[in-house]
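This report concerns only the one structure given below.
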Amino acid sequence: WVIKGRKPFWENVSMPEKWCWLLILCMLFYGALSLFWAIDIMFTFQRLFNLCFDLCFFFMMLRLCQNKKVYQYTLAVCGAAVLILCIMGIYEIFFGGIFNPEYDTFKRVFLFSHVYQYPMVTFGNTNDYAAALTFTCAIFLLFLGYHWSKLKPLHFRLLAVGFGLLYFMSVACSARLVIGTVYLLLIGLTVFLLIRDQKRLRISVDILLCIFCVQFASQYHYIVPPIQQYVDEIKEYHQQVNDPENSDQEQTVPSDKPQLVIGNPNKESLAETFYTVDEETGEKDISGRSNGMRILLILHAFRCFKESHFLGVGLGNTEMLAKEWEAVSNAQLINIHCFIARIIGDFGIFVLIPLVFIGFLLLKRVWQAVACGLKRKDKQLVSIGILFLFVLFAYPILSTISSDAQDILPMWIYLASIVLFAEQIRQDSAAADEPQLEPAPVLSMKKG
């Protein structure tokens, strides 16, 4: 592409993209050096081998998708891929695994009165599958918001159905963080509509209706049967109370009135997923499973960052040290479950500095769009800036869902798209902030 175009590939490079280039170079160079002090050289080599492909893809998308047609073609291919993945995921829920039979005998998805299995299609687990779908859909939402004035009624209906489908797949995967991200994106869309197009607020209502239907279908087992059982018990209770034969035999009358209990009685609360309570002392401690496990592993990554004097312990060594230091009670669990924390533990300040500047520049673009839009009373600029912020905030959550998000290709598509949209927003803000020249007055001379 560079040779054919006869243009330097470094032309028209935005400031966030320059910092992305620096981040790529630091990760590749430091990753190669890490082989010399790797705790497990094969594990580190595997990490580095995959990282080279991931960063190469990231760099190519940053460069090639400067061309808007190429970017639109890329999103079209991604849209087709997401649709195919969703169709295959739905098939796996009802009929079993296509590529991996791991969950064929592990049924946990409740739909009305039946139990089905988790979908994961070509991914290693359900979290990776749900995260990949959500990364891509977040960029679709930003793209649609940017071209909102060009959308047709059919696109609005597809947006509502797409949100509902994404929520259904998240529930089917039992990915709680993905479900939270879907709600975050819905809030962002609703704020976008309140600013940009209040007449289309029905889209948010339709999405909420889709979410309600999915919730009812998935919680039916814990709602309808308990209600039916309660109705039967309350009828029997009243019959026994009003039975004249029991007037002199109070002991035969139930002492407690039946109670209606809706919901899964064994479901953990959000607090219980983070910590455990010692029954003897009552002291709270971070749990070694679920969300508490993630917290322990993230704390371990920052411990590696600190004890290496902020220089990083080397690619792959953060995970190896998690096993050696027993970061969690289950010493076999070594994946940090947070991509940002893991690379900070691995690479230290050599990635932290570029990450801070990239994050600062992206937030700066949001501020420029909102400030300039308010100054010029440009609803389009303000709304896209707010929507960009919500899509940006989705990343820390989505990158924490997987055990390690490095090899999830949609994450790199998401990151490259964020940088490209940030530059487009900067250009729009600069164009809107340029002073508008007023036309020169036309002088007319009349006789007399």
Side-chain angles (χ1 to χ4, degrees), residues 85-98 100-121 123 125-134 137 160-186 205-239 254 256-274 276 287 289-294 397 401:
L85 286 172
C86 286
I87 292 174
M88 289 194 295
I90 293 172
Y91 176 90
E92 285 196 346
I93 292 172
F94 296 101
F95 303 105
I98 299 174
N100 191 333
E102 180 179 351
Y103 289 121
D104 286 358
T105 58
F106 187 76
K107 299 184 182 297
R108 290 293 185 275
V109 180
F110 288 96
L111 291 176
F112 294 106
S113 57
H114 297 83
V115 187
Y116 302 96
Q117 73 173 65
Y118 292 137
M120 63 178 183
V121 196
F123 294 84
N125 53 61
T126 57
N127 283 336
D128 289 358
Y129 173 59
L133 294 178
T134 312
C137 290
V161 173
F163 246 104
L165 180 60
L166 177 62
Y167 186 81
F168 170 73
M169 299 310 299
S170 303
V171 171
C173 291
S174 189
R176 288 173 292 187
L177 290 176
V178 177
I179 294 173
T181 306
V182 174
Y183 281 118
L184 178 67
L185 295 176
L186 176 57
V205 177
D206 291 341
I207 294 173
L208 286 174
L209 182 61
C210 291
I211 290 176
F212 174 79
C213 293
V214 173
Q215 279 293 96
F216 179 76
S218 62
Q219 298 297 317
Y220 176 92
H221 182 75
Y222 300 110
I223 297 176
V224 177
I227 292 177
Q228 294 174 342
Q229 181 180 355
Y230 172 75
V231 171
D232 294 338
E233 290 177 351
I234 202 71
K235 286 181 179 179
E236 182 179 354
Y237 174 81
H238 285 300
Q239 287 177 356
D256 295 328
K257 188 176 181 180
Q259 300 294 323
L260 176 61
V261 179
I262 295 177
N264 184 0
N266 299 320
K267 184 178 180 180
E268 290 182 318
S269 65
L270 182 62
E272 290 174 341
T273 63
F274 281 99
T276 57
S287 174
R289 27 183 209 93
S290 191
N291 293 330
M293 172 268 297
R294 296 174 187 270
I397 305 174
I401 292 169

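Every value quoted in this text rests on a predicted model; they were computed, and no experiment measured them.
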Starting at [atom1] of [X], measure out to [atom2] of [Y] and round the result to the nearest 0.5 Å.
X: Ile93; Y: His114; atom1: CD1; atom2: NE2; value: 15.0 Å
X: Tyr183; Y: Ile207; atom1: OH; atom2: CD1; value: 12.0 Å
X: Leu85; Y: Met120; atom1: CG; atom2: CE; value: 13.5 Å

Are there more than 12 heavy atoms of other residues, nucleotides or ligands under 6.0 Å from atom NZ of Lys235? no

If you count the non-hydrogen atoms of other residues, nucleotides and ligands that lie under 6.0 Å from CZ in Phe212, is the total more than 12? no

Heavy-atom pair with the smallest gap, counting every atom of [X] and [Y]:
X: Asp128; Y: Asn125; result: N-OD1, 2.9 Å
X: Leu133; Y: Leu166; result: CB-CD1, 4.0 Å
X: Tyr129; Y: Cys173; result: CD2-SG, 3.5 Å
X: Leu184; Y: Ile397; result: CD2-CD1, 4.2 Å
X: Ser170; Y: Val182; result: OG-CG2, 4.0 Å
X: Gln117; Y: Val109; result: O-CG2, 3.3 Å

Are the side chains of [X] and [Y] in touch, meaning some heavy atoms are under 4.5 Å apart?
X: Thr126; Y: Arg108; answer: no
X: Met169; Y: Thr134; answer: no
X: Asp206; Y: Phe163; answer: no

Can you check ring-ring contact (aromatic ring centres under 6.0 Å, His included) on Tyr222 and Phe110, steps first, answer last? CA-CA 9 Å; Tyr222 300 110; Phe110 288 96; 5.5 Å; yes

Derivation and outcome, side-chain contact (heavy atoms from CB on, under 4.5 Å), residues Val224 and Phe216: CA-CA 10 Å; Val224 177; Phe216 179 76; 4.2 Å; yes

Would Glu92 and Tyr103 count as having a side-chain donor-acceptor pair, cut-off 3.5 Å? no

Is there a donor-acceptor pair closer than 3.5 Å between any side-chain N or O of Asn127 and the backbone N or O of Ala175? no

Begin from the C-alpha positions of Tyr167 and Cys210 and carry the test side-chain contact (heavy atoms from CB on, under 4.5 Å) through to its verdict. CA-CA 9 Å; Tyr167 186 81; Cys210 291; over 6 Å; no

